[in-house]
Amino acid sequence: MNSDVIKLLPDSVANQIAAGEVIQRPASVIKELVENAVDAGATNIQIILKDAGRTLIQVVDDGCGMSPADARMAFERHATSKISDASDLFHLHTMGFRGEALPSVAAVAQIDLRTMRHGDSVGTRLLLSESKFESQEPCPCVPGTNLMVKNIFFHMPARRKFLKKDSVELNHILREFERLALVNTSIDFTLIHNDVTLHQFQRSTFKQRIGALFGKSLESHIAAIGTETSLVKISGFVGIPAYAKKRGAQQFFFVNGRNMRHPYFHKAVMSCYEHLISSDSQPSYFINFEVDPATIDVNIHPQKHEIKFEHEQAIWQILIAAIRESLGKIHAAGALDFDMADAPDIPLFNPDDSPETPKIDIDTEYDPFNIAPSPVPGFTRRESSANGGGGSHAASAYRPASDRQHPVHDWEKLYENFSRERDTTLAGVRSSAMNDAPEDPLPGQGLASSDNDTLFENESQQSAQSSCMQIGASYIATPSRSGLLLIDQNRAHIRIQYDRIIETLSSGASLTSQQVMFPESIDLSPAQNATLSSIEDLMPTLGFDISYLGDSTWAINGYPNFLGDANPAQALTDIIETASAEGDLPDRQEILKPLALSMARSSAIRRGSPLSATEMETIVADLFRASEPDHTPDGLPVIATVTLEDMASMLAKE
């Protein structure tokens, strides 16, 4: 009986196992092929896609090209020109080094490679399918490499089935393309999808490439950082605090020309913005690190996204100092950008020139107060007698025609049920709060239990509700038996709006849309356009009536009526950024939740907005009818309680 059970896997199986780590989706293929082109010294790279990479991923470069023997060898496992022994891992100056990318791609797709070296008169064409060599023959082609990856996962139905729809996969490709284009600013890039050019960049400065990718306006919203020490050279840009975003901030780290994720350095950046931005906002940043390759380890993640630094603590301190210096300059001198190409010319000062007095034409015949007002039904004009009744500067006012007899109070009937429900809710909330209060008053408290009760008994009798008070135009204070409730008005309204939206959507209904007379157009980046296309079918449910105008431009024909004075374009942009950040949510109801939260944030009352007594009472009543009044849907606290014990402690004699 043979007891040996360990066997050597065939190369085809080993390649598929490696491909599962390296190639997760079409965006992974693009990353590997573009990095190979960069290592080949390319100055122009074209990426051509069909069906978001399912049918075709083609990368064309003008790099050094390959000989026929190298072209064949490149698809063997662990075959590479980047390193020759283990010590080379600590002196890497290339993107690739493992020799796994091309074999992994060949294991999951069909390959058509055409390549020729500079100086050769003829190139070579190589065909592979499922890691199996099919043919190789000479062919005419231009110097460089043209590699076509066709029908990804064609022989792996399970893997192909788990690919998302084209708009989602294209969004992942665009995100990967952004990282590649940012780190390689000396290369011309072109991205074409289904015969439509999405991006076309000429080589440029780092700041210009940022503007080309994310909009020219971003160039004026970032500030340069730079420092150089014996350990690290740091350069790049950080966002101005005033333009921090609640979602969708662009955040990139690069080290030695390689994109990376580094939570520790991200924490360092965020610590610099403490007390400069709100806790739920994020700044944009684009930061380059240049270090000795021997002091980092890039070989700890299959896709090389995570990198370990030898001098991590020291670089943390240097990074913080560089960012704080830049933010300090902004705070002292303001965010001025003198590098704008279209900046106006400032003439030289001439001491002999005398300034001319500006001339202002005034129409002495015009009198804005001498205009007959439009008649208002049920109202009569009441003139002030200060200037003889009807002078040109007389203060005019309006009053009901019947106010000499008795005032009209019929409108109050509209609020009877509302007030009754509100008062009932408030009474229930306060009754619940009273049950948690101590039975006996604190020593020296000087306020009896019956006195506490009177704070709420006379509320319905007051013309101006006095049980709520606004503090700093941001917080609502209302008493309870246990002390004082402090309510964040913005977060409270987010909770209220979110529950209303979810209740409507859960019933299968759509949010009511308010049509606009003049549609508003909104220009999106290719990545945002792909995201919106992926959730376009959800927009009518959310109350948005949108139409595509072409060239990543959309028209907003209608928007949810509960947005009020909120900007519909900004609300739509927030929804796009939320959907992009959430990634792949397969269930329709699950993706509606973050979108509903985004809409609630856009329509909620802002901090710094003054509220009337009635508005405060309404918010408090609606909040305590909510499913979870203590927290926002994303877990932020809404209510803080200052207990009677806290008050007694604060006012106690020393």
Side-chain angles (χ1 to χ4, degrees), residues 19-20 22-33 47-59 105 108-110 148-180 191-199 247-248 303 505 508 510 522 524-555 572-599:
V22 179
I23 308 301
Q24 298 177 349
R25 57 190 347 135
S28 305
V29 176
I30 292 173
K31 172 185 179 295
E32 300 296 341
L33 298 187
I47 304 170
I48 302 170
L49 307 171
K50 294 289 186 183
D51 304 324
R54 293 174 193 268
T55 304
L56 173 68
I57 300 172
Q58 183 177 6
V59 177
V105 173
V108 297
Q110 299 167 329
M148 289 177 276
V149 179
K150 303 176 181 178
N151 303 319
I152 187 171
F153 303 134
F154 73 100
H155 63 293
M156 305 169 70
R159 291 286 299 276
R160 191 172 180 87
K161 182 180 69 174
F162 281 105
L163 288 178
K164 307 303 178 183
K165 56 184 179 179
D166 288 357
S167 56
V168 175
E169 294 299 336
L170 179 60
N171 186 55
H172 284 284
I173 291 172
L174 289 168
R175 299 298 181 188
E176 191 63 53
F177 179 82
E178 290 171 358
R179 291 188 280 267
L180 293 167
L191 177 63
I192 301 173
H193 178 248
N194 290 344
D195 301 322
V196 177
T197 301
L198 300 181
H199 282 302
R247 65 200 69 86
Q303 296 184 339
L505 298 180
S510 300
I522 176 173
L524 303 177
S525 68
Q528 291 174 324
N529 184 66
T531 301
L532 182 55
S533 299
S534 68
I535 60 173
E536 183 181 2
D537 59 326
L538 295 177
M539 290 297 102
T541 303
L542 298 176
F544 279 94
D545 180 4
I546 60 175
S547 56
Y548 186 57
L549 303 180
D551 196 22
S552 298
T553 301
W554 295 73
L572 182 60
T573 302
D574 290 344
I575 290 174
I576 295 171
E577 296 297 343
T578 299
S580 177
E582 291 295 326
D584 306 332
L585 293 176
D587 184 72
R588 177 186 177 93
Q589 293 300 322
E590 287 302 312
I591 197 172
L592 283 176
K593 291 180 180 178
L595 299 186
L597 176 57
S598 177
M599 296 181 68

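When reading the values below, keep in mind they use all heavy atoms of this one structure, side chains included, and skip hydrogens, waters and symmetry mates. What you see is a predicted model, and the numbers here were worked out from it, not measured in a lab.
Listed here is the closest heavy atom pair of Pro26 and Ile173: CB-CD1, 4.1 Å. The two residues Leu549 and Ala555 make their nearest non-hydrogen contact at CD1-CB, 3.9 Å.
Contact check for Arg179 versus Lys31: no side-chain heavy atoms found under the 4.5 Å cut-off. Annotation: side chain of Asp574 is not in contact with side chain of Glu577 (no heavy-atom distance under 4.5 Å). Contact annotation: the side chain of Ile535 approaches that of Ile575 to within less than 4.5 Å [non-hydrogen atoms, C-beta and beyond]. A 4.5 Å side-chain heavy-atom check between Leu191 and Leu49 finds at least one atom pair inside the cut-off. Counting heavy atoms from C-beta outward, Leu542 and Leu505 have side chains that approach closer than 4.5 Å.
In this structure, the side chain to side chain donor-acceptor pair (under 3.5 Å) partners of Lys50, at least two apart in sequence or on a different chain, are Asp195. In terms of the salt bridge (charged side-chain N to carboxylate O under 4.0 Å, His left out) criterion, Asp545 has no residue partners (sequence neighbours excluded). In this structure, the side-chain contact (heavy atoms from CB on, under 4.5 Å) partners of Ala52, at least two apart in sequence or on a different chain, are Asp166, Glu169, Leu170, His193. Contacts of Lys150 classified as salt bridge (charged side-chain N to carboxylate O under 4.0 Å, His left out), with partners at least two apart in sequence or in another chain: Asp112. For Ser510, the side-chain contact (heavy atoms from CB on, under 4.5 Å) partners at least two apart in sequence or on another chain are Thr541. Among residues two or more places apart in sequence or in another chain, the side-chain contact (heavy atoms from CB on, under 4.5 Å) test is passed with Phe154 by Gln110, Ser129, Glu130, Asn151. Considering only residues two or more places apart in sequence or on other chains, Glu178 meets the side chain to side chain donor-acceptor pair (under 3.5 Å) condition with none of them. Residues satisfying the side chain to side chain donor-acceptor pair (under 3.5 Å) test with Thr553, not counting sequence neighbours, are Asp523.
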Trace of the side-chain contact (heavy atoms from CB on, under 4.5 Å) decision for His199 with Leu174: CA-CA 9 Å; His199 282 302; Leu174 289 168; 4.1 Å; yes

If you apply the rule side-chain contact (heavy atoms from CB on, under 4.5 Å), what do you find for Leu532 with Ile546, and how did you get there? CA-CA 10 Å; Leu532 182 55; Ile546 60 175; 4.0 Å; yes

Mind running side-chain contact (heavy atoms from CB on, under 4.5 Å) on Ile192 and Gln58 for me, showing each step along the way? CA-CA 10 Å; Ile192 301 173; Gln58 183 177 6; over 6 Å; no

What's the verdict on side-chain contact (heavy atoms from CB on, under 4.5 Å) for Trp554 and Met539, showing C-alpha distance, side-chain angles and the deciding distance? CA-CA 13 Å; Trp554 295 73; Met539 290 297 102; over 6 Å; no

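Atom NE2 in His172 sits 12.0 Å away from atom CD1 in Ile30 (nearest 0.5 Å). Between atom CD1 of residue Ile48 and atom CD1 of residue Ile57 there is a gap of 12.0 Å, rounded to the nearest 0.5 Å.
Side chain of Thr531 to main chain of Ile576: no donor-acceptor pair is present (N/O by atom type, distance under 3.5 Å, no hydrogens or angles). Side chain of Ser533 to main chain of Asn529: a donor-acceptor pair is present (N/O by atom type, distance under 3.5 Å, no hydrogens or angles).
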